[in-house]
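First comes the structure, then the notes that go with it.
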Amino acid sequence: MQAQTSQSASSIAADVPGFGEYFGIIRKRRRLLLMVGGAVVAMGAMLALGLPDVYTSSGLIEIESADNSRTQDNLRNAITRNSDEPQYADQYVQSLSTIVLGDRSLDDLLSEHQLYDDQQADPRAARDRLRRDIDVDIVTVPILDPQSGRERELVTAFKVGYGNRDPQRAQAGAVWLVDAFLQQNRLDQQRFASKAAKFFGAEAERMRTHVAGLESKLAEFKAQNAGRLPELTEMNMNVMDRTQTDIQNNEAQMQALRRERVFLMAQLQQAQ
């Protein structure tokens with residue numbers, strides 16, 4: 001049994017070609033290999049030289065710091081629980097892209113700039129081609145999350161690029177797109193500032209009404225119990241102290257709301 005196994009292994013090893021035989025085959029077929037390889041290289045060179053050059057112009061738009069974004073997110077949630085405002089930076093960039101790269105916006109771009117020679121003949125095809133030539137890429141940096149201790153990606157900016165065979169047209173399209181993203185962001189900030197001003201105004205009015213009701217109840221209590229209850233008893237003092245504390249707290253909240261309202265009105269005027 002062992003002898004038969006050794007003989008079979010020896011015959012298999014003899015049938016396997018060695019490196020020298022492979023080298024011999026390659027040497028015999030070297031002319032064919034050179035012809036095929038030369039044809040492939042020539043076709044690649046012709047394709048590379050024959051394709052038109054595409055120039056890409058891009059702009060980098062930075063996103064505000066994460067702490068400021070988190071503060072505004074909390075403020076948005078306080079204004080309305082059913083808000084459709086984006087909560088994260090990548091979602092916000094996606095929402096901006098949906099508006100800026102929409103049909104109406106791209107039609108405005110094509111009406112202002114001659115990006116393609118045949119865009120007047122077929123506006124819809126030119127718009128679809130323009131959308132394909134635009135790239136919006138999120139820029140992230142790795143940071144260490146202090147809460148979890150793990151590394152995560154932080155969105156710091158996004159890049160808007162546009163490619164065209166004409167470098168001047170590529171630059172004009174990229175500049176228009178960057179301005180469109182910035183303009184849409186300003187409109188969003190203006191809309192948010194207006195909502196925030198209305199929210200704080202309503203809260204200030206609600207607190208004023210609440211304070212007026214407390215003062216009215218306090219005055220009514222004093223009028224009903226004047227001359228009948230000792231004014232310096234411990235129970236009356238505790239009630240008065242609690243009421244006065246509530247009034248002071250509400251007045252402090254009203255002052256804070258007034259300051260926030262003035263600040264937001266200033267931001268709204270600046271955005272307008």
Side-chain angles (χ1 to χ4, degrees), residues 37 39-66 68-69 72-73 76 83-143 151-193 271-272:
V40 173
V41 172
M43 291 178 61
M46 292 175 60
L47 184 62
L49 295 175
L51 289 176
D53 295 332
V54 176
Y55 299 90
T56 301
S57 181
S58 60
L60 185 66
I61 302 177
E62 295 183 354
I63 300 177
E64 61 187 359
S65 63
N68 195 7
S69 299
Q72 292 200 3
D73 290 337
R76 287 188 178 96
S83 175
D84 56 354
E85 297 288 344
Q87 185 177 1
Y88 300 105
D90 53 350
Q91 296 178 357
Y92 184 60
V93 173
Q94 184 178 2
S95 68
L96 289 179
S97 301
T98 302
I99 298 175
V100 176
L101 302 184
D103 293 344
R104 181 180 299 179
S105 179
L106 295 183
D107 289 339
D108 293 339
L109 172 56
L110 291 174
S111 64
E112 295 181 16
H113 297 281
Q114 184 73 23
L115 300 180
Y116 306 104
D117 296 334
D118 57 347
Q119 68 182 35
Q120 301 297 334
D122 193 350
R124 179 176 297 180
R127 183 180 60 203
D128 296 337
R129 180 181 177 184
L130 174 60
R131 185 178 287 111
R132 290 193 301 268
D133 293 337
I134 298 173
D135 291 327
V136 179
D137 299 324
I138 300 293
V139 179
T140 60
V141 295
I143 64 169
E151 186 176 287
R152 64 182 182 89
E153 297 291 333
L154 177 65
V155 178
T156 59
F158 64 98
K159 183 173 66 174
V160 181
Y162 170 64
N164 195 293
R165 298 177 182 178
D166 189 342
Q168 294 181 355
R169 292 179 177 180
Q171 183 180 6
V175 170
W176 192 95
L177 288 170
V178 171
D179 291 340
F181 272 95
L182 295 177
Q183 178 65 22
Q184 186 61 39
N185 178 69
R186 284 192 291 267
L187 292 176
D188 290 343
Q189 296 297 328
Q190 180 180 355
R191 184 174 66 253
F192 170 70
Q272 292 176 349

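Counting from 1, the numbers follow the sequence of the chain as shown.
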> At what distance, to the nearest 0.5 angstrom, does CD1 of Ile138 lie from CG of Asp90?
Replying inline: 6.0 Å
> Can you list the residues that meet the side-chain contact (heavy atoms from CB on, under 4.5 Å) rule with Arg186, with sequence neighbours excluded?
Replying inline: Leu182, Gln183
>> So does Val100 get a backbone contact from the side chain of Ser105, meaning a donor-acceptor N/O pair under 3.5 Å?
In response: yes
> Do Asp179 and Val175 come within less than 4.5 Å of each other through their side chains, counting heavy atoms only?
Replying inline: yes
> Tyr55 versus Asn164: any side-chain heavy-atom pair under 4.5 Å?
Replying inline: no
> Is Phe158 close to Ile61 at the side-chain level, that is, under 4.5 Å between some pair of heavy atoms?
Replying inline: yes
> side-chain hydrogen bond (donor to acceptor under 3.5 Å, both in side chains) between Tyr92 and Asp188: does it pass, once the steps are laid out?
Replying inline: CA-CA 10 Å; Tyr92 184 60; Asp188 290 343; 3.1 Å; yes
> Do you know which two heavy atoms are closest between Val136 and Val93, and how far apart they sit?
Replying inline: CG1-CG1, 4.1 Å
> Given side chains that start at C-beta, do those of Val141 and Val155 come closer than 4.5 Å, heavy atoms only?
Replying inline: no
>> Can you give me the closest heavy-atom contact between Gly173 and Leu109, atom names plus distance?
In response: CA-CD1, 4.5 Å
> In Å, rounded to the nearest 0.5 Å, how long is the span from CD of Gln184 to CG of Leu96?
Replying inline: 6.0 Å
>> Which residue is it: Arg169, Gln168, Gln171? I am looking for the one with a side-chain contact (heavy atoms from CB on, under 4.5 Å) to Ser57.
In response: Gln171
> For residues 93-115, which residue pairs qualify under salt bridge (Lys or Arg N to Asp or Glu O under 4.0 Å), counting only residues two or more places apart or in two chains?
Replying inline: Asp103-Arg127, Asp103-Arg131, Asp107-Arg127
> Is there a side-chain contact between Glu62 and Thr156, using heavy atoms and a 4.5 Å cut-off?
Replying inline: no
>> Using every non-hydrogen atom in the two residues, find where Tyr116 and Ala126 come nearest and quote the distance to one decimal.
In response: CE1-O, 3.9 Å
> Of all heavy-atom pairs between Ser58 and Ala174, which one has the smallest distance, and what is that distance?
Replying inline: N-CB, 4.3 Å
> To the nearest 0.5 Å, how far apart are CG in Leu110 and CZ in Arg129?
Replying inline: 10.5 Å
> To the nearest 0.5 Å, how far apart are CD in Gln119 and CZ in Arg124?
Replying inline: 16.0 Å
> With no hydrogens and no angle check, do the side chains of Glu153 and Thr140 hold a donor and an acceptor under 3.5 Å apart?
Replying inline: yes
> Considering all heavy atoms of both residues, which atom of Gln120 and which atom of Gln114 are nearest to each other, and what is their separation?
Replying inline: NE2-OE1, 3.7 Å
> Rounded to the nearest 0.5 Å, what separation is found between the CZ atom of Phe192 and the CG atom of Leu187?
Replying inline: 15.0 Å
> Is there side-chain contact between Tyr162 and Thr56, with heavy atoms separated by less than 4.5 Å?
Replying inline: no
> Atom CG of Leu177 and atom CD1 of Ile134: how far apart are they, to the nearest 0.5 Å?
Replying inline: 4.5 Å
